[in-house]
Amino acid sequence: MRLHQLAGIGKHTDGSITRLPFTPQDRQAGLLILSFMKEAGLKTRQDAAGNLIGQWIPEGISGEQAAPVIVGSHYDTVLNGGAFDGCLGLLAAIEAVQSMREAGYVPSCPVYVIGFKDEEGNRFGYGMVGSRSICGRMQPEGLFSRDRDGISLGDAMTAFGLDPSRLNSCRIFPIRAMLELHIEQGKILESQGCTIGIVEGIAGLERHTIRIEGNSAHAGATPMEARQDPVPAMSRWILEITRLARERKHCVATVGSIQTSPGACNIICGSVEFSLDLRSLRDQDRKEIMENMAVFEKQLEWQEHVRIRRWLDQEIPSAPCADGLKSRMEEICKKEGYSFCRLMSGAGHDSMNFSGICPISMIFVPSVGGYSHRKEEFTSMEDCGAGTQVLLEMILAAETF
Ligand code: HGY
Ligand code: MN
Ligand code: MN
């Protein structure tokens, strides 16, 4: 089965999967996915960002009709991730189009199946490189983001055989609609016994890097009152952002990566560098929280005798899904007898980059136990099948949307 074949690329002995962008595992996965697209009868190409594009352009289609329905998802993983995040949506899209073609169906507009590149941002910290490029929203500074070995995103793309100077050529416009099937990555569908999630919208997100500099010194010979220790300052910073996020509904703040320097047990750190991933369904929440943090940082610098620098790595506004497509999805669920509920997506997705360019629509299927971004990530074949059926019928709906 295609999902298991793809999951085998980058799999560790513990069963988790690491398939980071512009790596040998990525190349191997790309070749396999292109072969699946060819089996489905699609005309395949890879664009300057490394997106995999399978095109179905019916005879005689031109002009306005040429605006494609785009359907797909990403195929990179997080570090030690699972088999379903992104890949289910991409393989389901290939499956749906293959079924339509084999049934002799001819769409009234082009249908592009796209495997998006580097959605997770787990290697360079920037993320959504493929979908931003297709939407003309790739920021040039993103190319200078670096991985843990100091390799920049731009250099990694060039070494992979791509051309980061031609990302503008990735732009697809106009687009009729963007459809994405994805695992929920939380527990709502499972707890409500729903097979299908009709996504209302995707939370906006911003990611920062924070660096706090103090003064490295001997852990034993330096009295507490004489220290300029960035670690207690960082701890207070993290407690403050956590407090501010907990005060607001649908707002989440995560510090997922922390580096201390020099990082030895008997040396007071000279500096610490850590990440912030802040999300909210209300963009105003994020603005208020970061304004509060700017004031808090000034106090912290003075009280802890340290210097704090923070820079924004990326920001993507929240993205509402198209009402008309949500209603069509509800009709499809009722017709097919699938239990469904409406929910917001706290997780970010490639679709959010299409907001404001074309109508977007996301279909969720349940994650067993709510597990995701770990090897236990799982969705039943029955739910995968239901999600694929809804995706197929949403392609039909989007054509006439
Ligand atoms: O980070 C996210 O929300 C997504 O998994 N990329
Ligand atoms: Mn993910
Ligand atoms: Mn994903």
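Just so you know, these numbers use all the heavy atoms, side chains as well, and skip hydrogens, waters and symmetry mates. First listed ligand is number 1; within each ligand, the first listed atom is number 1.
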**Message:** Please confirm whether M128 approaches ligand 1 to less than 4.0 Å, judged on its heavy atoms.
**Reply:** no

**Request:** With heavy atoms only and a cut-off of under 4.0 Å, state how M352 meets ligand 1: side chain, backbone, both or neither.
**Result:** neither

**Request:** For H373, counting its heavy atoms only, list the atoms of ligand 1 lying under 4.0 Å from any of them.
**Result:** 5 (O)

**Message:** Please enumerate all residues that pass side-chain hydrogen bond (donor to acceptor under 3.5 Å, both in side chains) together with N292, with sequence neighbours excluded.
**Reply:** none

**Prompt:** Based purely on interatomic distance, does D277 place a nitrogen or oxygen under 3.5 Å from a nitrogen or oxygen of ligand 1?
**Reply:** no

**Fill in**
Looking only at protein heavy atoms, what sits closest to atom 4 (C) of ligand 1 is G348 O, 3.4 Å

**Message:** Tell me whether the rings of F124 and F22 are parallel (<30°), tilted (30 to 60°) or perpendicular (>60°).
**Reply:** tilted

**Message:** Please find the pair of heavy atoms, one from V199 and one from K326, that lie closest to each other, and give the distance.
**Reply:** O-CD, 3.5 Å

**Asked** Is it the case that T388 and E95 place a side-chain donor and acceptor less than 3.5 Å from each other?
**Response** no

**Message:** Tell me whether R279 reaches ligand 1 (any heavy atom closer than 4.0 angstrom to a ligand atom).
**Reply:** yes

**Request:** Quick one: pull up CD1 in I360 and OG in S355 and give me the separation to the nearest 0.5 Å.
**Result:** 5.0 Å

**Message:** Is it true that T18 and H12 share a donor-acceptor pair across their side chains at a distance under 3.5 Å?
**Reply:** yes

**Message:** Within this structure, what is the CG-CG distance for the pair D118 and L153, rounded to the nearest 0.5 Å?
**Reply:** 6.5 Å

**Item:** Candidate pair E330 and K334, rule salt bridge (charged side-chain N to carboxylate O under 4.0 Å, His left out), full reasoning
**Value:** CA-CA 6 Å; E330 188 161 324; K334 286 175 181 166; 3.2 Å; yes

**Request:** Ignoring hydrogens and angles, state whether a donor on the side chain of D85 or Q185 is under 3.5 Å from an acceptor on the partner side chain.
**Result:** yes

**Asked** Is H182 in contact with ligand 1, taking contact as a heavy-atom separation below 4.0 Å?
**Response** no

**Fill in**
Counting from 1 in the order shown, the ligand 1 atoms closer than 4.0 Å to a non-hydrogen atom of A347 are 3 (O)

**Fill in**
Note, the Mn ion (ligand 3) has protein N, O or S atoms under 2.8 Å numbering 3

